[in-house]
Structures are given as C-alpha cells and as structure tokens.
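Below is one structure, written out as structure tokens; comments come after it.
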Protein chains: 2
Amino acid sequence: MKDRHEHILGEVVRAYLGTGQPVGSRKLADQGELGLSPASIRNVMAELERQGMLASPHTSAGRVPTDTGLRYFVDTLMAVDSNINQTLEQKVAGHLSDAPGRNALLKRATDELASLTHFAGMVWVREQGFDRINRIELVPVSSEKVLAVIVTDVGEVQNRLIARPEESSEAQLHEISQRLNELLSGCNLEEVRVRLQHEMDSDRLKVRHLLEDLKRWADAPTEGQSDMFVSGQGQLLEMPEFAVVDTIRSLMTAIEEKEQLLHLVKQVESEESGVKVFIGSEHALVNMEQISVVLSRYEGPSNIVGTLGVIGPRRMHYERVMPIVDCTAKWVSKMLGGKL
Amino acid sequence: MKDRHEHILGEVVRAYLGTGQPVGSRKLADQGELGLSPASIRNVMAELERQGMLASPHTSAGRVPTDTGLRYFVDTLMAVDSNINQTLEQKVAGHLSDAPGRNALLKRATDELASLTHFAGMVWVREQGFDRINRIELVPVSSEKVLAVIVTDVGEVQNRLIARPEESSEAQLHEISQRLNELLSGCNLEEVRVRLQHEMDSDRLKVRHLLEDLKRWADAPTEGQSDMFVSGQGQLLEMPEFAVVDTIRSLMTAIEEKEQLLHLVKQVESEESGVKVFIGSEHALVNMEQISVVLSRYEGPSNIVGTLGVIGPRRMHYERVMPIVDCTAKWVSKMLGGKL
DNA sequence: TCTGGCACTCTAACGCCGGGAGTGCCGGAA
DNA sequence: TTCCGGCACTCCCGGCGTTAGAGTGCCAGA
C-alpha cells in the first residue's frame with residue numbers, strides 16, 4: 001500500500017477511535033496533519049473504500065474503518081508507546097502485589113483491567129486436574145469424624161471429612177495413615193480405586209467404612225475446575241455505541257453464558273504467547289460486531305493456566321489497551337509463580 | 001377499605017402485572033370480572049387515586065398502581081397458590097440435590113432462581129470467621145515442604161504450605177504435631193499468636209522457621225469471607241421496561257458494586273425469617289424505582305448464613321415469585337445442613 | 001346508586017420539510 | 001501527472017403540525 005494511503009488510513013482510524021463517529025474528508029483536512037485538500041483526501045478515501053479498508057454507513061456520512069482497516073492499523077500502522085509501560089507497571093504491581101490468595105489475585109487483576117481501560121475486565125483460569133496422589137493423611141477432628149487430607153502431584157490439597165472408625169485412638173489412626181500411604185501414594189485415580197476395592201474385599205483392614213468413604217471420594221474427587229471473573233461491564237454502558245438495548249443484551253448474555261467467550265479463550269491458549277486482538281466480527285460473537293476483545297495468556301505454576309483481557313468497544317485505543325493487558329498478564333504470571 | 005374498592009384495586013394490579021401498561025376503566029369493564037360499567041369503575045379509581053393507591057402517568061393514560069398500592073396488594077389481597085408448591089418443590093429439589101459442593105450448590109440455586117422466575121437470581125453467603133482452632137496437623141509433602149492442616153471450631157479446614165525443618169523424619173514431624181496440638185488446640189487466634197511468640201522466644205523447639213511460618217499464618221489467616229452470586233441479568237433486559245439505557249446502567253452498577261444490595265441483605269438477615277419484598281422505591285436503590293427485590297434468608301450450619309432471592313421488575317407476579325424464593329431458600333438450607 | 005353520554009386532554013405516530021454534512025466528479029492550475 | 005476548487009447530488013436528522021386513539025371527569029337521567 002502506498003505511503004499516502006497508509007497515512008490517511010491511519011488518520012481516519014485515529015479520528016474514529018476518538019469519537020466513534022464517521023469521519024469526513026473536511027475534518028481530516030482541517031485537522032492539518034496531512035497538508036492536503038479535502039478533495040485529494042476524498043480520492044484516497046474512495047480508493048481505500050474499494051480496498052475494503054473503509055466503509056460509509058450512507059452516502060453523506062463520512063467513512064468508518066472496517067474490521068480489515070482496523071486490523072491493518074493494529075498490525076502495521078500502530079506505534080505502541082513503550083515508555084508508558086514504566087508508570088503502568090508500577091500501578092499494576094502496586095495493586096496486585098499484596099493480594100492475599102489466588103482467587104483474590106485474579107479478582108483484583110479483573111478489577112485492575114477494568115479500571116485501567118474503563119472497559120470490562122475478564123480473567124479466566126483453568127486448574128488442571130491432578131494425575132496422581134502424593135500422600136494421604138488422616139487427621140482426627142472429633143470423636144466421630146476424621147479428616148482425610150490428600151496431597152496431589154500438582155501440589156494441590158484436597159480435604160474430605162469421613163466417618164471415624166469406632167474406638168480408634170490417635171495412634172491407630174496414624175498407623176492407618178501410614179498403611180494408606182504405602183498402599184496409595186504415587187497411584188493415579190484408577191489405581192486408587194482398584195486398590196481400595198481390593199483392600200475392601202480382602203478385608204485386611206477392619207476399617208471398611210473408612211475405606212468406603214475414601215472410595216467414594218476417589219469416584220468423584222473435586223476435580224480441577226475452571227472459573228471466570230468479569231467486572232466493569234457497567235462502565236461499558238457509558239459508551240454511546242451501547243445506546244441500543246440489543247447490543248447490551250447480546251453482550252450481557254455472552255458474558256453470562258461464557259461459552260462463546262470460552263471459544264476465544266481456547267484460541268488464545270493454543271497460541272504461544274503475547275497479546276491477541278479480536279476486532280469486531282473477527283471473534284464471531286453474534287450481534288457483537290461493535291465489540292473488540294483483547295486477550296493474553298498468563299501462566300502460573302504447572303497446574304494453572306489461564307487467559308485474561310478486556311472486552312471493549314471496537315473503537316478502543318488499541319495502543320493503550322494492549323500494553324495494559326500485556327503487563328497485567330505478565331504480573332499475574334509472576335505473582336502466581338511466586339505463590340502456592 | 002371497602003370491599004368494592006379492594007376488588008377493583010386487585011383487578012387493576014392484576015391487569016398491570018400482566019402487561020406493565022396503565023389500565024383504563026374500559027379494559028376492566030370489558031374483562032367482565034366486575035360486572036360494572038366503566039363509569040362506575042372510574043369513580044372508584046378516582047377515589048383510589050386520592051388514597052394514593054393508584055396514579056396516572058398523564059390525563060388520558062389509565063391508572064398504574066403505586067408502590068403503596070402494590071404493597072397493599074401483596075400484604076392483603078394476594079392469594080398465594082399453595083398447591084403450585086408441589087411441582088415447584090420437585091423441580092428445585094431435582095436441580096439442587098446433586099450439587100457437588102457448597103459453592104456449586106449456591107451457584108445452582110442462583111441459576112435456579114433465575115430460570116424459574118426469568119429474572120436475575122441472587123445468592124449471598126457470609127461465612128463466619130472461626131473463633132478457635134481445634135486441631136493442627138503437619139503433613140509432609142516433599143523434602144522441603146510440609147503442609148499444616150488446621151481444623152477450626154466451625155469445622156472449616158485451612159491449609160498452609162510451610163518450610164520443612166531440615167533433616168526431619170516423619171516421626172519427628174508427628175511428634176512436633178502432637179506438641180503443637182498440646183500447645184494450641186482450643187486457643188483463639190490471639191492466644192495462638194502469643195503462645196507461638198513465646199515458644200519462639202524460649203526456643204524450646206528447634207524449629208524456629210516452622211513456628212515463624214505458622215505465626216505468619218496466624219497473623220493473616222484466610223478469614224471467613226462473604227460472597228455473592230448473581231445470574232440471569234440478561235433475561236431482565238428482555239422486559240420492555242428496560243428499553244431505557246439509564247435503568248439498565250443503574251441496575252448493572254448496583255449488581256456490580258453490591259454495596260447497595262448488601263444494605264438490603266442486612267435488613268433481611270436481621271429479620272426472623274420468611275420472604276421479604278421490596279417494591280419499587282422501598283428498597284431505596286437510586287434510579288431503580290421500576291425494580292422490585294424479593295429476598296429470603298437461608299441458614300446453613302452454624303458458621304454459614306445467607307440471603308437469596310431475585311431482582312425483577314416492579315410488575316412481577318409476586319404470588320408466583322414469592323413461593324419460588326421461599327422454596328429455594330428452604331432447600332438450600334436443607335442441603336447445607338446435611339453437608340459439610 | 002349506577003350508567004350512558006359528551007366534552008376535554010394528552011400522547012404517540014405520521015408525514016413533511018429544510019438545513020447540514022459529505023460525496024463524486026469535472027475541469028483547470030501547478 | 002498530481003492536486004485542488006467548485007458544483008450538483010444524496011442522504012440523514014430534527015423540528016413542526018396534524019390526526020387518531022385512548023382515557024378521563026362530570027352531568028343528567030334511570
């Protein structure tokens with residue numbers, strides 16, 4: 001593409017991002033950036049329209065960049081201001097560094113994304129199920145209950161309250177723990193089930209009830225689950241493009257149902273890394289052509305993987321939002337890595 | 001109030017609940033319920049307006065019940081259909097009974113409320129912080145890490161990964177556990193802190209690091225927190241009264257910020273029990289005069305207390321919604337009581 | 001005490017019109 | 001060849017007046 005064309009496309013996009021309104025040739029000329037008359041600009045704009053970079057809502061309404069146009073801008077024309085990252089990083093670090101737990105951290109990251117961008121922030125986390133169990137311990141809780149503490153190979157801890165064998169002393173429990181460890185540590189779930197069953201059948205331990213309870217756990221352990229935090233949807237409604245109730249409804253439904261968003265998240269997960277932008281119809285969310293989504297993967301310790309980002313209007317300032325998402329993802333990764 | 005007046009007020013409310021539109025005298029007369037001419041109905045309606053039960057948006061627009069009118073309807077006129085409860089109870093029970101955990105249960109209750117009423121379902125839960133610790137156990141995890149499992153007096157289990165004392169055998173850990181139990185079980189947090197400090201100072205145990213780690217936990221344990229689930233906001237937007245973006249914004253903001261809603265929840269918590277209705281301006285949520293909130297308390301085991309309900313349009317069918325909320329609250333209570 | 005009738009009021013919907021913004025194209029100038 | 005000023009054209013948007021419809025209040029008669 002010719003230099004002049006790129007230049008003008010850039011100006012159209014910039015003007016559009018600011019106001020959300022179609023931009024006409026006169027506005028660009030008056031603005032003085034280009035040093036060209038409206039007429040010349042018109043010629044180029046007509047050309048750009050033919051190329052699919054611009055579109056006009058109707059005859060006398062100026063031009064609006066198409067998804068392709070915005071894509072070209074983001075990929076080629078946009079200059080990411082990298083020294084904004086200094087102060088940005090401080091802010092993000094300040095808000096995230098003292099989060100008291102994993103969920104609190106992710107929640108804060110969501111809020112941080114929302115408050116920095118003024119759009120809807122979104123954090124998705126998937127906790128991988130464990131493969132094998134490392135260790136199992138019985139902790140007496142009361143005269144009727146004992147707590148089974150199971151440590152898995154991904155460092156996760158599962159608790160299960162089960163019935164205490166009658167008239168069992170602490171020493172006996174301790175002994176049972178040891179035996180269970182000999183029997184089960186290093187086993188995957190399937191093996192655990194088989195061995196427990198076998199043990200129950202052979203009735204070597206006179207603690208059937210306890211084994212049965214454990215078996216019940218092995219049949220349905222609380223597996224690693226996925227979770228999603230969203231915040232700041234309210235702010236989105238401030239944008240004039242959401243004056244139409246239809247768009248709002250689609251947006252809210254999409255956020256609530258999460259399935260469609262999951263599809264995007266999956267795409268980002270498979271990507272190696274970095275920030276990925278979905279502009280307008282690129283994300284294929286129905287009725288949300290006016291919405292863009294900016295996502296980045298983050299990585300915690302081995303068993304945690306996730307994606308975070310923002311949902312905003314198509315006309316967002318990508319050069320500002322992308323570093324924010326990038327920076328937040330990096331910090332979340334960092335914080336997660338240090339924890340657990 | 002006279003019989004006829006009550007009768008007509010009831011009819012106006014019923015008609016209004018169905019359509020959300022102002023109702024005129026002719027409509028009521030045509031409907032045939034009353035056996036009166038429009039003119040007579042008009043007289044009564046004028047009287048009801050003077051009493052503050054009805055209001056007219058403008059001269060030629062029929063009447064709409066005021067908050068007072070709806071309140072009178074709900075308190076006095078409304079007949080709750082109690083044999084709807086049969087099938088209702090089955091539905092609720094079916095969806096809630098096999099929830100795999102507390103949070104899953106509450107999330108499902110939210111969804112159930114939303115799907116039964118087609119409004120926004122909302123569940124609020126507050127977990128009381130524990131008072132004393134019942135028991136503490138050290139579970140070896142790896143050569144460097146040991147897991148402290150702390151069981152509190154409310155039956156809750158807290159885990160904390162801490163550094164393992166160098167060259168400690170399992171037997172030694174077990175011994176340390178026992179000593180810690182002697183030292184700490186039955187203590188509240190303050191005492192735990194003091195005793196740990198004392199122990200560290202006297203250096204009787206050669207496991208300073210471990211004690212320091214524990215102290216760090218005692219300084220900031222993961223305290224009982226409160227949480228709120230909301231779902232089905234999207235459905236609310238289907239209602240014609242949400243055609244105005246302003247109302248939507250207020251609603252979304254209220255749901256997101258939760259503070260205002262918390263105020264309502266508090267009111268319901270202090271109530272003894274049963275379903276409580278906030279009609280229109282009664283809940284004092286700004287800009288949400290068209291919204292009603294129906295809440296009920298539920299009760300779990302000793303350390304869990306909460307409130308659930310729905311947020312819907314002012315013109316909801318209270319006689320249908322109130323049993324739903326009631327029934328859900330009862331089932332959540334029941335399910336929670338059986339668990340943990 | 002109820003009812004039919006009548007005059008009155010207010011809104012929502014419709015069609016119309018003019019101003020404004022922007023375009024495409026053409027012919028002339030650098 | 002490239003750029004620019006000018007001109008005719010198109011289309012949207014907001015304001016205006018009109019009208020149909022819905023509902024009311026009140027009065028007089030059964």
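None of the values given here were measured: they were computed from a predicted structure. All chains are named by letter (A, B, ...) in the order of the sequence lines, taking the proteins before the strands, and each is independently numbered beginning at 1.
- Salt-bridge annotation for A/Asp67 and A/Arg71: absent, with no side-chain N of the basic residue lying under 4.0 Å from a carboxylate O of the acidic one.
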- Message: Evaluate A/Arg42 against A/Ser25 for side chain to side chain donor-acceptor pair (under 3.5 Å), listing each step before the verdict.
- Response: CA-CA 6 Å; A/Arg42 275 206 284 281; A/Ser25 52; 3.1 Å; yes
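- When the side-chain nitrogen and oxygen atoms of A/Ser25 are compared with OP1 and OP2 of C/dT23, one or more of them lie within a distance under 4.0 Å.
- Remark: the B/Thr59 side chain and the C/dC10 base include no donor-acceptor N/O pair separated by less than 3.5 Å.
- Interface remark: the A/Ser40 side chain does not form any donor-acceptor pair with the D/dC3 base, using a distance-only criterion of under 3.5 Å.
- Electrostatic pairing of A/Asp246 and A/Arg249 counts as a salt bridge here, judged by a charged N lying under 4.0 Å from a carboxylate O.
- At least one side-chain nitrogen or oxygen of A/Arg4 sits closer than 4.0 Å to the OP1 or OP2 atom of D/dC3.
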- I would like to know whether A/Ser56 and A/Glu49 meet side chain to side chain donor-acceptor pair (under 3.5 Å); could you show each step before the answer? CA-CA 8 Å; A/Ser56 36; A/Glu49 180 162 0; 3.3 Å; yes
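- Between D/dA22 and B/Arg63, no contact under 4.0 Å exists linking OP1 or OP2 to a side-chain N or O.
- Between the side chain of B/Arg42 and the base of D/dG25, a donor-acceptor pair under 3.5 Å is found.
- Along DNA chain C, the nucleotide nearest A/Asn43 and the nucleotide nearest A/Pro22 are compared for position; the residue whose nucleotide lies closer to the 5' end is A/Pro22.
- Phosphate contact (OP1/OP2 of C/dA21, side-chain N/O of A/Lys27, threshold under 4.0 Å): absent.
- Phosphate proximity of C/dT3 to B/Ser37: present, with a side-chain N or O under 4.0 Å from OP1 or OP2.
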